[in-house]
Amino acid sequence: MSEIPKAYEPQSVEDKWYDFWLKQGCFTADPARVTDKRPAYSIVIPPPNVTGMLHMGHVLNNTIQDILSRKARMDGKEVLWLPGTDHAGIATQVMVEKQLKKEEKKSRHDLGREEFLQRVWAWKEKHGNIIINQLKKLGCSCDWTRERFTMDPEYSRCVQKVFVELYKKGLIYRGKRMVNWCPVSQTALSDEEVEMKPQKGFMYHFKVQVAEAPDTWLTIATTRPETIPGDTAVAVNPKDPRYAHLIGKHIVRPLPAELPREQKLIPIIGDEHVDFEFGTGVLKVTPAHDKADFEIGQRHKLAIVEVINADGSMNELAGADLKGLDRFKARKVAEEKLAELGALVETKPYENNVGFSQRADVPIEPRLSEQWFLKYPAVPESKTCVAEGRMKFHPDRWAKVYDHWLTNIQDWCISRQLWWGHRIPVWRKRVRLYERNWTDELLRWGWDDYVEQSWANEPEPIVIRVFRCSDGSEVNPKKDALMPVVRETEGEYDIFVCTNDEQKGRDFEKYGFTQDPDVLDTWFSSWLWPFATMGWPENTETLKKFYPTTDLVTGPDIIFFWVARMIMAGYEYMGELPFQNVYFTGIIRDKQGRKMSKTLGNSPDPLVLIAQYGADALRFGTMRSAPLGQDVLFDEKDVELGRNFCNKLWNACRFRQMVGSADSQIQGEIDSSLLTTDDKWILLKLNEAIREITEALNSYNFSVAVQALYRFFWNEYCDWYVEASKAVLGSAERGNRSAEQERRAANTIAVIDFVLSHTLRLFHPFLPFITEELWHGMGYATDMPENQGGKTIMNAPWPKPFDADFCEAYGLDETHLEFASQKYEVVTLGRNLRRIGNIQSGKKVKFVLKPSREIPAHDGEVIKLLLNAEALDFAEDYVAKKGTPTGHTPFGDLYLPLEGLMDVAAERARLTKEKEKIQIEITKVEQKLANPHFTQRAPAEVLRDHEQRLADWKEKLAHVKMALEALGT
RNA sequence: GGGCGCUUAGCUCAGUUGGUUAGAGCGACUCGUUUACACCGAGUAGGUCGGGGGUUCGAAUCCCUCAGCGCCCACCA
């Protein structure tokens, strides 16, 4: 490291060390190495979408995981950070469909399922690695040998297995239900994928005639007049005196206009759900297109009339006027139609919450459709683990949010009408059966094998379910029956069989069964992530040693999607919690507090930032501004700060190389007899920093840790210690030092090496690249055993606070902190005097100190150097000329004698201001001490403090008064 | 409609169980190229801790209340 560049150049350094780490297998976790003395530490990455590009959210999230992983390695743990990607059903499919449309003007249906899926796989092969490589650029120390993808064959088998098991338990069922339908993606969504947004729209009031009482008209309020043709009742609250008497009568539905009156009669029903304060107190009921209305419909056995198609357009039942129109267009036309009919009473602007498809950003259409649902397994532990502290949330307020969701949990719609994903392992055949025993029927199909072997013998029975097609009801006598015996005389039935055995699936197809075309919700695979990535259901070594994982780092936006479900799956399948701690990051926003988005263009590309400032700088800047659990207002300035910081670190090491011996050998042991007060001070400060940073990391306060590092290194080490050390190092030209000076210089360098080698280790989790470069460049690696930092700083032990023996050996006790800070106080005062005297920073001047205590020669040298003074004279009986700038310090009075350069008026103003400040403080303390309530009730300690304070203030006041007098008139 | 969080210097935030003169970084301003670093150094200015009330010898800190901002949950047509 003889020719060290003046500024740190990250690019080549980063690639060099990342390659080194990979080649040396530094990130690879070995379960065999886990012992009592070497405990396991594990994290599974929240798998980014294969379609993904690294954004600032990833940077925040993965930097935290990397810090945790690297710190754990330095703590001597066997670390597994397990990476991978998520197939992200909708997002990926939509992306490939778009590309197909753009490049070949084809839809996925033009290609067919097989061909389309091949295209998606091809796309995945080509682009799926992008985000992985980006994570590598950031320095993530993931065990890439274990990289997983949620559609890997082994992973898919886990998903199928879980599905089949839940199916067997009866927790997965098929049902015709109201679901959240996205008309753009044309698939069902789970409740979690729906986002409520306030929408400006209109409230339409229209009137309808009561058929049995032609003079009576009811006014109905609605935001969706286009659904009127689907209305099959009008509901009022039975307790509502205005309308209760009309229950049982009918109204004439105005639309579709062309229908004869008798076909438009719908009943007035009474239902408690109707709020008579709201609107007009009369509710139109559209069971096919509204969740609440559907439930009313169920209660009153109303007909369900669908008027909207899957793509959001109106169908023929909506009437000639609306048919074929988009639902929003239809809304306007329906309004016009009502107006034409004279039914429209008024239209007024109205704002309400509308559910939006998170993915496609269009309003959800509540739609009745057949889907697969999961009733979550009842796992009591998942409810109690957080409340009872077995699993910790950071910050812990998320525990309440989690708990609330769990208590209001709804069944999960897990089927998606997509092609990209895990296909549902269920086959169906529609049959007509007459008085036939099911067993006979199946035997007739030649399924003897299954009947004889599989069905009769655990553990791989195939569950058969039979549903009546007319109403969808299940007709198995017992859910658990493997050999359902159903004797029905006629009707159509759907037989469902569920298996994760591919061979059996193919066999079913031979007998006319077809596999369900739908795929599973992506999250139905993600919720298995912590153990499916570790080889489950085999009881692998990895699983044995690394499950449950230690920490999970994720955004609070997926607490329900992912975290909560993983907890349930963890308990259900592993019988144990999936992770011990969950750290919820904040959301990254721009510096104005807006969410980052592509449309706003306020989302910086992390790779551009890395190219510009370096990965360490990006990590440092991000972590510095990310307090625990709060949103992060990102500002490129922070990355710049990170770069500056790396540069400071670089140059501090460069300084060490320049003052050290030419062969840049690291110095030997510290000789405690030669330690200066500055040496002791910085060692004590280092000790403080070690405590503080370790404590902050243990409590996940990353920004606190970074700020402590910043303060320690920049202020305490560079600004004070390094500058002070020049008094020893620069006392003579190098090579021209006396033997004594040489010994002292060598000892100072030994202290510098001690501090730097500790500092680099404290920085390593945050700044992996530059610390590795300097660790080797400074020669600290050669000093360590191979597996303790000799090979890489990654495995160097994390610094521990000094023990009592160490402190005693080096004479480190708190009194040195005070002495050195008093010395630095003299320096600060001296620098102030320079300003008062209008002395330019560069100019050498003479200072005089009237000492109030003995000041060792070394410390006098340091003060002189830090003041950039020509000389620092000690004079017990110094009498200053009038107008000499002066100030009082614990070391005595400091003077800056000069000739007529001082701005006397300015100095008088300064001193007067200070005097006033002191007097205010004295008054405050005196008043307090004069208050008998205070003196009687305050603890003795506090009382003593106040008395001491008063004495200190009075002394200061005396000195300021003297200084003012010395200024003359 | 419920629940949670936030409000401290121009900006972003610290401030432990109440107890010295409420801190830091950035920004602003002044001075400075003294061979580690101008991606730097030295220094200066800037706050009645959102408003009001209470508890206490003592409140940025605890309690009540009001206001503003943000997030989550909820079937008000």
* Check the pair A:Glu640 / A:Asn644 against side chain to side chain donor-acceptor pair (under 3.5 Å), numbers first and verdict last. => CA-CA 6 Å; A:Glu640 201 182 311; A:Asn644 296 354; 4.7 Å; no

* Asked: When rounded to the nearest Å, what value does the distance between P atoms of B:rG46 and B:rU56 take?
  -> 36 Å

* Asked: Would you say A:Trp714 reaches B:rC37's phosphate, i.e. side-chain N/O to OP1/OP2 under 4.0 Å?
  -> no

* Asked: Under the side chain to side chain donor-acceptor pair (under 3.5 Å) criterion, do A:His289 and A:Asp293 qualify, and how do the steps go?
  -> CA-CA 8 Å; A:His289 298 294; A:Asp293 290 5; over 6 Å; no

* **Base B:rA36 paired with A:Glu723 side chain (donor-acceptor, <3.5 Å)** => yes

* Sugar-phosphate, base or nothing in reach of A:Pro932, heavy atoms under 4.0 Å -> nothing

* To do: Check the surroundings of atom NZ in A:Lys239: do more than 12 heavy atoms from other residues, nucleotides or ligands lie under 6.0 Å from it?
  => no

* Shortest non-hydrogen contact from A:Ala235 to A:Val285? -> CB-CG2, 3.7 Å

* **Between B:rG58 (P) and A:Gln927 (CD): distance, integer Å** => 13 Å

* Asked: Taking NZ, NE, NH1 and NH2 as the nitrogens, is one of them in A:Asp616 or A:Arg643 under 4.0 Å from a carboxylate oxygen of the other?
  -> no

Using nucleotides 68-77 of chain B, report all nitrogen or oxygen pairs with the protein that are shorter than 3.5 Å.
unit_1, atom_1, unit_2, atom_2, d
B:rA74, N6, A:Asn353, ND2, 2.9
B:rC75, O2, A:His273, ND1, 3.4
B:rC75, O2, A:His273, NE2, 3.4
B:rC76, O2, A:Asp275, OD2, 2.8
B:rA77, OP2, A:Tyr350, OH, 3.2
B:rA77, O2', A:Ala221, O, 2.9
B:rA77, N6, A:Asp275, O, 2.4
B:rA77, N6, A:Phe278, O, 3.0
B:rA77, N1, A:Asp275, N, 3.3

* Hey, does the side chain of A:Lys400 come within less than 4.0 Å of B:rG5's phosphate (OP1/OP2), counting only N and O? -> no

* Would you classify A:Arg643 as touching base, sugar-phosphate or nothing, given that sugar-phosphate means primed atoms plus P, OP1 and OP2, and contacts are heavy atoms under 4.0 Å? => base

* To do: Would you mind checking if A:Glu272 and A:Arg299 are paired as a salt bridge, meaning a charged N to carboxylate O distance below 4.0 Å?
  => no

* **Side chain of A:Asn647 (C-beta onward), nearest among B:rC37, B:rU21, B:rG19** => B:rC37

* For A:Ser625 and for A:Asp945, locate the closest nucleotide of RNA chain B by heavy-atom distance; then report the residue assigned to the nucleotide nearer the 5' terminus. => A:Ser625

* Asked: Using the P atom in both, what is the distance from B:rU17 to B:rG5, to the nearest Å?
  -> 16 Å

With the criterion being N/O to N/O and under 3.5 Å, what pairs connect the protein with nucleotides 22-29 of chain B, and how long is each?
unit_1, atom_1, unit_2, atom_2, d
B:rG25, O4', A:Arg624, NH2, 3.3
B:rG25, O2', A:Arg624, NH2, 2.8

* Write down the distance between CH2 (A:Trp720) and P (B:rC40), rounded to a whole number of angstrom. => 19 Å

* To do: Nearest whole angstrom, please: distance from the C1' of B:rC37 to the CG of A:Leu756.
  => 14 Å

* Identify whether any heavy atom of A:Val704 sits under 4.0 Å from a base atom; if not, whether one sits that close to sugar-phosphate; answer base, sugar-phosphate or nothing. => nothing

* Is A:Arg331 paired with A:Glu226 through a side-chain N to carboxylate O contact shorter than 4.0 Å? -> yes

* Asked: Given the rule that a pair is Watson-Crick or G-U wobble with both distances under 3.5 Å, how would you write RNA chain B in dot-bracket, using | for pairs to a different strand?
  -> (((((((..((((.....[...)))).(((((.......))))).....(((((..]....))))))))))))....

* Could you tell me whether A:Glu346 atom CD has more than 12 heavy atoms of other residues or ligands within 6.0 Å of it? => yes

* To do: For the pair A:Lys685 and A:Glu692, find out whether any cationic side-chain nitrogen is under 4.0 Å from an anionic carboxylate oxygen.
  => no

* **From B:rG46, B:rC4, B:rG43, nucleotide with atom closest to A:Lys913 side chain** => B:rG46

* Give the rounded distance in Å between these two atoms: CZ of A:Arg654 and C1' of B:rA36. => 6 Å

* Asked: What integer distance in Å separates A:Asp719:CG from B:rC40:P?
  -> 11 Å

* Test of ring centre spacing under 6.0 Å for A:Phe584 and A:Trp398 -> yes

* To do: Could you tell me the separation between the CZ atom of A:Arg831 and the P atom of B:rA42, rounded to a whole number of Å?
  => 6 Å

* To do: Rounded to whole angstrom, note down the C1' distance from B:rA28 over to B:rA45.
  => 9 Å

* Asked: Using atom P of each nucleotide, how far apart are B:rA60 and B:rC75 to the nearest Å?
  -> 44 Å

* To do: Classify the nucleic acid contact of A:Asn832 as base, sugar-phosphate or nothing, counting any heavy atom under 4.0 Å across all strands shown.
  => sugar-phosphate

* **Minimum heavy-atom distance A:Glu773-A:Trp650, with the two atoms named** => CG-CZ3, 3.8 Å

* **N or O in side chain of A:Lys726 less than 4.0 angstrom from B:rA36 OP1/OP2** => yes

* **Check ion pair A:Lys284-A:Asp231 (N to O, under 4.0 angstrom)** => yes

* **C1' gap between B:rA22 and B:rC4, integer Å** => 28 Å

* Structure fact -> Ranking A:Val722 and A:Val827 by the position along RNA chain B of their nearest nucleotide, the one closer to 5' is A:Val722

* Expressed as a whole number of Å, how far does the P atom of B:rG19 sit from that of B:rU61? -> 11 Å

* Examine B:rU21: is either OP1 or OP2 under 4.0 Å from a nitrogen or oxygen in the side chain of A:Arg949? Give yes or no. => yes

* **Between B:rA38 (P) and A:Asn651 (CG): distance, integer Å** => 7 Å

* Span that lies between the P atom of B:rU20 and that of B:rG2, in whole angstrom -> 40 Å

* Asked: What's the verdict on salt bridge (Lys or Arg N to Asp or Glu O under 4.0 Å) for A:Lys924 and A:Glu921, showing C-alpha distance, side-chain angles and the deciding distance?
  -> CA-CA 5 Å; A:Lys924 266 204 259 182; A:Glu921 292 305 324; 3.8 Å; yes

* Are A:Glu870 and A:Lys846 close enough for a salt bridge, meaning some N to O gap below 4.0 Å? -> no

* To do: Give the rounded distance in Å between these two atoms: CD1 of A:Ile770 and P of B:rC37.
  => 15 Å

* Can you tell me, in whole Å, how much space there is between the P of B:rU8 and that of B:rG15? => 14 Å

* Asked: Contact class for A:Cys646 (heavy atom, under 4.0 Å): base, sugar-phosphate, or nothing?
  -> nothing

